[in-house]
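Dumping the structure here so I can ask a few things about it.
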Amino acid sequence: MLPHRAEVVVIGGGVVGVSTAFHLAEAGVDVLLLERDELGAGSTSKAAGGVRAQFSDPVNIELGQRSLRAFEDFARRPGGEIDLKQHGYLFLLSDHADVAAFERGVRLQNEFGVPSRMLTVREACELSPYVVPDGLRAAAFSPTDGHCTPEAVVQGYAQGARHHGALVRRNCPVTGIEVSRGEITAVHTDFGSVETSTVVCAAGAWSAAVGEFAGVELPVRPLRRQILVTEPVPDLPPRLPFTIDFGTSFYFHDEGPGLLIGMSDPDEEYGFRLNTDDRWLGRLADAVARRAPRLADIGVAHGWAGLYEMTPDHNALIGEAAGASRFLYATGFSGHGFLQGPAIGEVMRDLVLGRRPVVDVSGLDARRFAGADVRPEHNCV
């Protein structure tokens, strides 16, 4: 059953949507969250689970740092075990320009209190014993970065939202948004309509279609990424950092008794494909053989595919639309939505309530693409 009316309707039950619902409900707002499938069934459940504050853009640094603090406090608020492992993020750098960019990034991160630092190649190989030094010039590392379980984060925020009075409806696809004289009046679903004056779009890779319901252009496109999990690895290091060969985007971190391994595919085309295939495995095998050859003979246990929600500058879209009053959006995170989810929930709460946001996200407004205000993020994986 759907309520007749809700003060705010959040569309999307991934980490951004449930975090937004939790923070709004905690603030006393009447919230209805609508998810077309199961909670977290979209990009969140397919994420690698990394959490970090090592970015090149000040806004992303702040969002990442604030979210890290929330992950550290998650057992208390909203509550729940998320298996947070703060073993650090290690970026391996083989290009002079990347070394210079990360040096600038570390200086900026340090200004925001992030304990990141540059490392020698020898120090990097000691931290991540599978790595070979050939071709590396330096590395960047922050010990408070790490990874946790995306599904557990979603369930924790959803339970917290319900505890504070939010209604969460799964398997309830949104089919339209009614706008009258520039103002939102209702959200339509397969199970009826709900009167509302405020909508928050947190639909991830599907956000462009949601925006169209309200006549709002959100430049978000889906891009498939694939992940593998290996069979158990003998003598797995106890504090293996989330290790990224930045030049190739090959990465790995511990996942139970094995390793989670991923890498981008430059030949991948935009679209909603969620099947897995072997096309990318040749490049991955080459990257593994060059950077971590000891992993080449470890068997694959299983794998999956998920969707990045890409924007033209690989930075999020956060703000309120000009054309449809009280249509707010938080989407297009281009691979770092999970790790910024806690802080984004706070930001969206503040925007809905007309407060100054805990982080100034004005530069992430979708209207930046109409001018020359794009702000590319360098530290993308």
Side-chain angles (χ1 to χ4, degrees), residues 48-57 60-61 64-65 68 85-147 227-228 230 233-255 258-266 280 282-298 335-336 339 376-381:
V51 293
R52 62 180 167 113
Q54 286 187 85
F55 287 97
S56 65
D57 189 303
N60 289 330
I61 295 171
Q65 180 79 323
L68 276 173
K85 295 182 179 179
Q86 290 179 285
H87 298 168
Y89 252 67
L90 178 67
F91 286 93
L92 307 171
L93 308 172
S94 54
D95 181 83
H96 280 302
D98 286 333
V99 172
F102 271 83
E103 287 174 341
R104 292 191 297 271
V106 164
R107 288 193 294 270
L108 183 60
Q109 293 152 21
N110 292 166
E111 292 177 11
F112 287 94
V114 178
S116 55
R117 63 184 187 272
M118 298 298 295
L119 301 181
T120 65
V121 173
R122 179 179 177 180
E123 289 172 326
C125 292
E126 289 174 351
L127 274 176
S128 190
Y130 298 115
V131 171
V132 295
D134 303 354
L136 292 180
R137 301 183 184 279
F141 177 72
S142 183
T144 55
D145 293 345
H147 59 91
I227 285 175
L228 302 175
T230 73
V233 178
D235 303 318
L236 191 66
R239 291 190 60 83
L240 183 70
F242 194 130
T243 304
I244 302 170
D245 186 40
F246 191 70
T248 63
S249 80
F250 158 54
Y251 64 83
F252 58 88
H253 70 66
D254 60 301
E255 183 79 2
L259 292 172
L260 182 150
I261 295 176
M263 182 176 166
S264 65
D265 179 358
W280 70 301
R283 277 198 183 94
L284 176 62
D286 290 344
V288 172
R290 184 168 56 252
R291 185 54 59 216
R294 287 169 54 195
L295 303 181
D297 296 328
I298 298 173
H336 43 265
L339 68 91
E377 169 57 52
H378 180 266
N379 299 4
C380 290
V381 182

Q. How about Asp145 and Leu90: do any of their side-chain heavy atoms sit closer than 4.5 Å?
A. no
Q.
Nearest 0.5 Å, please: how far is SG in Cys125 from CG in Leu119?
A. 10.5 Å
(Q) Rounded to the nearest 0.5 Å, what separates atom CG in Leu136 from atom CG in Leu93? (A) 8.0 Å
Q. With Gln65, which residues qualify under side chain to side chain donor-acceptor pair (under 3.5 Å), at least two apart?
A. none
(Q) Do the side chains of Arg122 and Glu126 get close enough for a salt bridge, i.e. N-O under 4.0 angstrom? (A) yes
Q: Taking all heavy atoms of Val106 and all of Ala140, pick out the closest pair and write down the distance.
A: CG2-CB, 4.4 Å
Q) Is there a side-chain contact between Tyr130 and Val233 (heavy atoms, below 4.5 Å)? A) yes
Q) With Arg239, which residues qualify under salt bridge (charged side-chain N to carboxylate O under 4.0 Å, His left out), at least two apart? A) none
Q. Is there a side-chain contact between Pro238 and Asp254 (heavy atoms, below 4.5 Å)?
A. no
Q) Would Asp245 and Met263 satisfy side chain to side chain contact (heavy atoms under 4.5 Å, CB included), going step by step from the backbone distance to the final call? A) CA-CA 9 Å; Asp245 186 40; Met263 182 176 166; over 6 Å; no
Q) Judged by atom type as modelled, is there a donor-acceptor pair below 3.5 Å linking the side chain of Asp57 to the main-chain atoms of Ile61? A) no
**Q.** Close side-chain approach of Arg117 and Phe141, heavy atoms under 4.5 Å
**A.** yes
Q.
Tell me which one of Phe242, Phe102, Phe55 satisfies ring pair (Phe, Tyr, Trp, His ring centres under 6.0 Å) with Tyr89.
A. Phe242
Q.
His147: which residues meet the ring-ring contact (aromatic ring centres under 6.0 Å, His included) condition with it, sequence neighbours left out?
A. His253
Q: Run the numbers on Leu284 and Leu228 for side chain to side chain contact (heavy atoms under 4.5 Å, CB included), then give the verdict.
A: CA-CA 11 Å; Leu284 176 62; Leu228 302 175; 3.7 Å; yes
Q: Determine the minimum heavy-atom distance between Cys380 and Arg52, stating which atoms define it.
A: CA-NH2, 4.4 Å
Q: Indicate the atoms forming the closest heavy-atom contact of Ala48 with Leu260, along with that distance.
A: CB-CD2, 3.9 Å
Q) Going through the checks in order, is the side chain to side chain donor-acceptor pair (under 3.5 Å) test met by Gln109 and Ser116? A) CA-CA 7 Å; Gln109 293 152 21; Ser116 55; 2.6 Å; yes
Q: Run through Phe252, Tyr251, Phe250 and flag the one making a side chain to side chain contact (heavy atoms under 4.5 Å, CB included) with Ile244.
A: Tyr251
Q. Closest approach of Val121 and Pro133, non-hydrogen atoms and distance?
A. CG1-CB, 3.4 Å
Q: State whether a side-chain donor-acceptor pair under 3.5 Å links Thr144 with Gln86.
A: no
Q.
Is there a side-chain contact between Asp98 and Arg137 in this structure, where contact means two heavy atoms from C-beta onward sitting under 4.5 Å apart?
A. no
Q. Taking the side chain as C-beta and beyond, is there a heavy-atom pair between Thr248 and Arg291 under 4.5 Å?
A. no
Q) Rounded to the nearest 0.5 Å, what separation is found between the CZ atom of Arg107 and the CE atom of Met118? A) 9.5 Å
Q.
So, taking the atom named CG in Leu236 and the one named CD1 in Ile298, what distance separates them when rounded to the nearest 0.5 Å?
A. 8.5 Å
Q: Begin with the C-alpha distance, continue with both residues' side-chain angles, and end with the deciding distance and a verdict on side chain to side chain contact (heavy atoms under 4.5 Å, CB included) for Leu108 and Val114.
A: CA-CA 9 Å; Leu108 183 60; Val114 178; over 6 Å; no
(Q) For the CG atom of Leu339 and the CD atom of Gln54, what is their distance to the nearest 0.5 Å? (A) 11.5 Å
Q: Please answer whether the main-chain N or O of Leu259 pairs with a side-chain N or O of Thr230 as donor and acceptor at a distance below 3.5 Å.
A: yes
**Q.** Over all atoms of both residues, closest heavy-atom pair of Pro115 and Pro143
**A.** O-CD, 3.3 Å
